[in-house]
> 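Dumping the structure here so I can ask a few things about it.
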Amino acid sequence: MALTEQEWVYEYFHSGKRSPVILGTRGTWVIQDQRVVILIAFSLTDIHVLKDIYNVSKNHPIREVKYKGLHYFAVNIVNKTTVELIIDAWSE
């Protein structure tokens with residue numbers, strides 16, 4: 001069974017990793033049959049930096065997620081061109 005975003009981030013965090021992470025760089029995260037990339041960070045500053053790195057609009061919404069005592073920030077990127085650019089950058 002596949003993990004949800006929240007479960008994956010929870011396990012990632014509790015494995016000792018605290019760095020921001022990008023889900024979907026292998027093209028495996030899907031929302032409504034569309035590949036997506038999800039930027040994840042554990043501070044508001046870090047999520048803004050990730051948005052800047054990947055040229056995500058300043059107006060693009062940031063989700064604040066609380067799950068089993070863990071607090072993180074996430075940005076869903078669904079624009080096909082942007083998703084493909086990020087996946088290509090990570091495949092190099």
Side-chain angles (χ1 to χ4, degrees):
M1 186 165 105
L3 296 176
T4 66
E5 170 197 313
Q6 293 84 0
E7 292 167 333
W8 193 96
V9 173
Y10 182 84
E11 287 186 10
Y12 173 83
F13 184 85
H14 286 288
S15 72
K17 298 173 183 167
R18 303 292 192 271
S19 301
V21 65
I22 302 166
L23 304 180
T25 56
R26 295 184 191 150
T28 56
W29 285 89
V30 177
I31 295 176
Q32 296 177 354
D33 296 326
Q34 256 190 321
R35 289 191 311 176
V36 298
V37 171
I38 305 171
L39 309 178
I40 303 287
F42 300 102
S43 75
L44 199 50
T45 300
D46 285 346
I47 200 70
H48 282 292
V49 169
L50 283 177
K51 285 177 67 177
D52 286 345
I53 290 170
Y54 293 104
N55 296 314
V56 176
S57 165
K58 294 195 184 306
N59 295 328
H60 198 88
I62 297 172
R63 292 185 291 115
E64 187 172 357
V65 182
K66 295 177 182 175
Y67 178 77
K68 292 186 177 182
L70 178 63
H71 185 205
Y72 68 92
F73 301 92
V75 173
N76 290 1
I77 300 174
V78 296
N79 177 280
K80 184 178 180 179
T81 303
T82 305
V83 168
E84 289 173 356
L85 287 171
I86 293 171
I87 289 171
D88 289 346
W90 277 89
S91 67
E92 296 176 357

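All values derive from a computational prediction rather than experimental measurement.
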> Quick one: sort the F13 and F42 rings into parallel, tilted or perpendicular, breaks at 30° and 60°.
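Rings of F13 and F42: tilted, 30 to 60°.
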
> Could you check whether F73 and H71 have their ring centres less than 6.0 Å apart?
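For H71 and F73, the ring centres are under 6.0 Å apart.
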
> Return yes if some donor-acceptor pair links the side-chain N/O of K51 with the main-chain N/O of I62 below 3.5 Å, else return no.
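No.
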
> If hydrophobic clusters are built from ILVMFWY residues whose side chains come within less than 4.5 Å, do V75 and V83 share one?
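The answer is yes; both residues are in one hydrophobic cluster.
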
> Under 4.5 Å between side-chain heavy atoms, hopping through other hydrophobics if needed: is there a path connecting V36 to V65?
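Linked within one cluster.
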
> Look only at the side chain of H48 and the backbone of K58, and say whether a donor-acceptor pair between them is shorter than 3.5 Å.
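Checked: no pair found.
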
> Distance check, rounded to the nearest 0.5 Å: R63 atom CZ versus I38 atom CD1?
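One finds 6.0 Å between CZ of R63 and CD1 of I38.
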
> Following the transitive rule for hydrophobic clusters with a side-chain heavy-atom cut-off under 4.5 Å over Ile, Leu, Val, Met, Phe, Trp and Tyr, establish whether I40 and W29 coincide in one cluster.
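As far as the 4.5 Å side-chain criterion goes, W29 and I40 are connected within one cluster.
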
> Treating Ile, Leu, Val, Met, Phe, Trp and Tyr as nodes and any side-chain heavy-atom pair under 4.5 angstrom as an edge, say whether V78 and V30 lie in one connected cluster.
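Different hydrophobic clusters.
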
> For the atom pair CD1 (I77) and CD1 (I86), what is the distance rounded to the nearest 0.5 Å?
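The CD1 atom of I77 sits 3.5 Å away from the CD1 atom of I86.
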
> Indicate the ring-plane relationship of Y12 and W8, choosing parallel, tilted or perpendicular according to the 30° and 60° boundaries.
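Taking W8 first and then Y12, their aromatic rings lie parallel (interplane angle under 30°).
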
> Transitively linked via ILVMFWY side-chain contacts under 4.5 Å: V21 with L44?
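V21 does not cluster with L44.
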
> Using side-chain hydrogen bond (donor to acceptor under 3.5 Å, both in side chains) as the criterion, list what pairs up with W90, not counting sequence neighbours.
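Partners of W90 under the side-chain hydrogen bond (donor to acceptor under 3.5 Å, both in side chains) test: Y54.
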
